[in-house]
Peer 1: 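If you scroll down you'll find the structure; I have some questions about it.
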Amino acid sequence: MLSFWEKNSFLNYDYIIIGSGILGLSTACSVKEKNSSASILVLERGIFPTGASTKNAGFACFGSVSEILSDFERIGIEETVSLVEKRWNGISLLRQRLGDDKIGLLNYGGYELVDEKHLNSLEKIKFVNEKLYRIFNADVFKIKNEKIKEFGFNEAAVKSLVYNEFESQIDTGKMMSSLTDYATSMGIKIITGCNVDRISEKENYVRVIADNYLSNYKNNNNDNDIDNDKKNKEEEIFFSAKKVYICSNAFTKKLIPELKIKPGRGQVLVTKPIKDLKFKGVFHIDEGFFYFRNFGDRIIFGGGRNLDFEKEESTEFELNEKILNSLKEKLDNIILPNQKYEVDYSWSGIMAFTENKLSMIENISDRITCLISCNGMGIALSSYIADKI
């Protein structure tokens with residue numbers, strides 16, 4: 001049973017944002033920056049953001065040559081250029097809002113390791129640079145084959161190395177901590193461990209219904225987990241707002257089942273510190289499906305969804321041994337040939353994808369809007385999307 005104080009001070013807001021990842025917090029901050037008097041609540045079902053915001057590899061990137069060329073064919077040249085521009089603008093907005101130090105941004109540049117399969121992309125670098133010139137006022141991609149040996153890569157496997165001076169790495173944990181601090185400093189309330197069950201639109205407001213689990217229930221050893229769950233869930237909590245933004249990405253289908261999005265799980269591993277690690281920067285392989293970077297003298301390596309699309313179309317935080325083995329094989333044979341290393345541990349994150357790889361801003365009604373699907377580019381796109389809504 002809620003108290004008078006709880007009902008009086010914690011339930012009613014101008015805006016409620018569902019999801020406290022980078023997109024949800026960026027949305028809350030954008031609204032507050034434009035309307036300082038607005039009361040804003042962010043609800044998050046996990047202790048930490050549930051999807052990928054605190055689980056990504058920490059890339060401030062906008063696409064490698066082979067990925068951009070693939071998108072040219074998939075969604076068209078102009079649409080792809082527009083998407084790159086949005087990603088770049090989003091990175092710039094994030095840097096402006098928090099500052100480079102608070103997101104741990106380091107500009108060592110980005111590289112694409114080009115194998116035999118993608119050698120033809122080198123012939124199209126000039127064309128890609130021409131299309132992107134209006135965004136960067138410079139040629140973005142340059143061939144730097146002399147770096148292959150310098151970085152210690154397998155020269156038999158890496159046929160060419162394409163450099164991009166505009167890409168950087170960030171400290172994901174530092175970024176999300178700073179974004180949370182920034183939001184709370186403006187008076188935005190954040191409640192974690194709050195599972196939103198459903199939303200219901202009324203005439204003048206939106207009701208957001210969340211489970212209420214009591215923490216003071218003493219478990220009985222004779223009860224099973226299901227019985228305990230039923231007893232802990234004493235009642236539902238009804239929040240209300242004039243406007244609701246749903247920013248729960250792949251998990252949005254629980255609230256709005258008809259949305260055409262698919263979850264995409266990403267596998268990531270991190271090595272223990274490697275003595276005399278030869279490279280710094282962010283690196284892409286195979287149209288961006290594989291990506292790695294240094295974090296100090298460690299390597300963070302992720303990707304490989306294209307090896308098992310069906311299994312990775314999941315919202316379960318599980319490890320895929322097939323993909324993790326592929327990551328280790330690439331470390332052994334391409335990235336760190338003849339070098340000793342140890343994998344420290346692995347994890348997974350959940351992203352969301354649309355059929356056309358474009359972000360989705362879906363107005364369910366005048367009072368309910370879904371902001372979803374950064375298609376694996378949440379760091380780049382979230383601030384941009386939040387600013388536009």
Peer 1: How about D197 and E236: do any of their side-chain heavy atoms sit closer than 4.5 Å?
Peer 2: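 Sidechains of E236 and D197: in contact.
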
Peer 1: Hey, what else clusters with Y345 if you join Ile, Leu, Val, Met, Phe, Trp, Tyr whenever side-chain heavy atoms sit under 4.5 Å?
Peer 2: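 Joined to Y345, directly or through intermediates: V268, V270, F295, I300, W347.
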
Peer 1: Flag the pair E33 and R97 as a salt bridge only when some basic side-chain nitrogen lies within less than 4.0 angstrom of an acidic carboxylate oxygen.
Peer 2: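 Answer for the salt bridge query: yes.
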
Peer 1: Look at the side chain of S26 and the backbone N and O of L23, then say whether any donor-acceptor pair between them is shorter than 3.5 Å.
Peer 2: no

Peer 1: Ignoring hydrogens, what is the shortest heavy-atom contact between M175 and L98? Give both atom names and the distance.
Peer 2: O-CD1, 4.0 Å

Peer 1: Would D297 and K275 pass as an ion pair if we require N to O under 4.0 Å?
Peer 2: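 No.
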
Peer 1: Return the orientation label for the Y245 and Y15 ring planes: parallel under 30°, perpendicular over 60°, tilted otherwise.
Peer 2: parallel

Peer 1: Considering non-hydrogen atoms only, spot the tightest contact between S160 and I143 and give its length.
Peer 2: OG-CG2, 3.7 Å

Peer 1: Taking side chain as C-beta onward, heavy atoms only, is I256 less than 4.5 Å from I246?
Peer 2: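 Yes - at least one pair of side-chain heavy atoms lies under 4.5 Å apart.
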
Peer 1: To the nearest 0.5 Å, what is the distance between CZ (R45) and CG (D211)?
Peer 2: 11.0 Å

Peer 1: For S240 and I16, work out which heavy atoms get closest and say how close.
Peer 2: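 Shortest heavy-atom contact: O-CD1, 3.7 Å.
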
Peer 1: Flag the pair N320 / L324 as yes when at least one side-chain heavy-atom distance between them is below 4.5 Å, and no otherwise.
Peer 2: no

Peer 1: Side-chain contact, heavy-atom cut-off 4.5 Å: V114 with V162?
Peer 2: yes

Peer 1: Give, for atom NZ of K278 and atom NZ of K147, the distance between the pair rounded to the nearest 0.5 Å.
Peer 2: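 One finds 13.5 Å between NZ of K278 and NZ of K147.
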
Peer 1: Check whether any side-chain heavy atom of M360 sits under 4.5 Å from a side-chain heavy atom of C370, and report yes or no.
Peer 2: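 M360 vs C370: side chains apart.
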
Peer 1: Of all the heavy-atom pairs spanning I350 and E316, show the shortest one and how long it is.
Peer 2: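 So the two residues come closest at CD1-O, 3.9 Å.
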
Peer 1: Just by distance, do the side chain of K32 and the backbone of S36 share a donor-acceptor pair under 3.5 Å?
Peer 2: yes

Peer 1: Using atom types as modelled and distance alone, determine if a side-chain donor or acceptor of N164 lies under 3.5 Å from a backbone N or O of F141.
Peer 2: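 No, N164 side chain to F141 backbone: no donor-acceptor pair under 3.5 Å.
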
Peer 1: Just how far is it from atom CD of E201 to atom OG of S365, taken to the nearest 0.5 Å?
Peer 2: 3.5 Å

Peer 1: Would you find a donor on one side and an acceptor on the other, under 3.5 Å apart, between the side chain of T184 and the backbone of I188?
Peer 2: no

Peer 1: Can you check whether T80's main-chain N or O pairs, donor with acceptor, with D71's side chain at less than 3.5 Å?
Peer 2: no

Peer 1: Between H284 and E167, do the side chains contain an N or O donor and an N or O acceptor separated by less than 3.5 Å?
Peer 2: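 Yes, a side-chain donor-acceptor pair sits under 3.5 Å.
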
Peer 1: Using a strict cut-off of less than 4.0 Å between a Lys/Arg side-chain nitrogen and an Asp/Glu carboxylate oxygen, indicate whether R95 and D100 qualify as a salt bridge.
Peer 2: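 A salt bridge is present here (some side-chain N lies under 4.0 Å from a carboxylate O).
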
Peer 1: Does the pair L336 and I299 meet the rule for a side chain to side chain contact (heavy atoms under 4.5 Å, CB included), with working shown?
Peer 2: CA-CA 10 Å; L336 296 171; I299 295 176; 3.6 Å; yes

Peer 1: Ring-plane angle category for W88 and F136, please: parallel below 30°, perpendicular beyond 60°, tilted otherwise.
Peer 2: tilted

Peer 1: Ignoring hydrogens, what is the shortest heavy-atom contact between D139 and E165? Give both atom names and the distance.
Peer 2: O-OE2, 4.4 Å

Peer 1: Using only heavy-atom distances, determine whether the side chains of E318 and S348 contain a donor-acceptor pair under 3.5 Å.
Peer 2: no

Peer 1: Going by heavy atoms in the side chains, are E362 and I372 under 4.5 Å from each other?
Peer 2: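 A side-chain contact under 4.5 Å is absent here.
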
Peer 1: Quick one, T369 with N363, criterion side-chain hydrogen bond (donor to acceptor under 3.5 Å, both in side chains). Give me CA distance, side-chain angles, the key distance, then yes/no.
Peer 2: CA-CA 4 Å; T369 298; N363 291 314; 2.8 Å; yes

Peer 1: Give the ring-plane orientation class for F151 versus F279, where under 30° counts as parallel, over 60° as perpendicular and anything between as tilted.
Peer 2: perpendicular

Peer 1: Is there a side-chain hydrogen bond (donor to acceptor under 3.5 Å, both in side chains) between N294 and Q169? Walk through the geometry before answering.
Peer 2: CA-CA 9 Å; N294 75 294; Q169 56 181 251; 3.0 Å; yes

Peer 1: Taking Y384's backbone N and O only, do any of them form a donor-acceptor pair with D387's side chain (distance below 3.5 Å, no angle check)?
Peer 2: no

Peer 1: Can you name the nearest heavy-atom pair linking L43 to C194, along with the distance?
Peer 2: CD2-SG, 3.9 Å

Peer 1: Do D115 and K159 pass the salt bridge (charged side-chain N to carboxylate O under 4.0 Å, His left out) test, and can you show the C-alpha distance, the side-chain angles, and the key distance before you say yes or no?
Peer 2: CA-CA 5 Å; D115 58 13; K159 302 299 182 181; over 6 Å; no

Peer 1: I'd like to know if the side chain of S66 and the backbone of D286 have a donor-acceptor N/O pair within less than 3.5 Å.
Peer 2: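 Pair absent, no side-chain N/O of S66 close to backbone of D286.
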
Peer 1: Please enumerate all residues that pass salt bridge (Lys or Arg N to Asp or Glu O under 4.0 Å) together with E85, with sequence neighbours excluded.
Peer 2: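 E85 satisfies salt bridge (Lys or Arg N to Asp or Glu O under 4.0 Å) with R134 only.
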
Peer 1: Would you please test F239 and Y205 for ring-ring contact (aromatic ring centres under 6.0 Å, His included) and show each step?
Peer 2: CA-CA 10 Å; F239 297 97; Y205 67 96; over 10 Å; no

Peer 1: Counting only heavy atoms not in K189, do more than 12 sit closer than 6.0 Å to its NZ atom?
Peer 2: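 Check passes, neighbour count above 12.
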
Peer 1: Main chain of P337, side chain of N154: is a donor-acceptor contact present, judged purely on distance under 3.5 Å?
Peer 2: no

Peer 1: Indicate yes or no for a side-chain donor-acceptor contact from S168 to the backbone of A60 under 3.5 Å, with no hydrogens or angles considered.
Peer 2: no

Peer 1: What distance do S383 atom OG and K388 atom NZ have between them, rounded to the nearest 0.5 Å?
Peer 2: 12.5 Å

Peer 1: Determine the sole option in F153, Y163, F59 for which the ring pair (Phe, Tyr, Trp, His ring centres under 6.0 Å) test with F283 is passed.
Peer 2: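 Result: among F153, Y163, F59, F153 is the only option passing the ring pair (Phe, Tyr, Trp, His ring centres under 6.0 Å) with F283.
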
Peer 1: I'd like to know if E342 pairs up with K272 as an ion pair, taking the criterion as any Lys NZ or Arg NE/NH1/NH2 lying under 4.0 Å from an Asp or Glu carboxylate oxygen.
Peer 2: yes

Peer 1: Please confirm whether the backbone N or O of E329 pairs with a side-chain atom of N333, one donor and one acceptor, at under 3.5 Å?
Peer 2: yes

Peer 1: Check whether the side chains of T172 and K55 place a donor and an acceptor atom closer than 3.5 Å, and report yes or no.
Peer 2: no

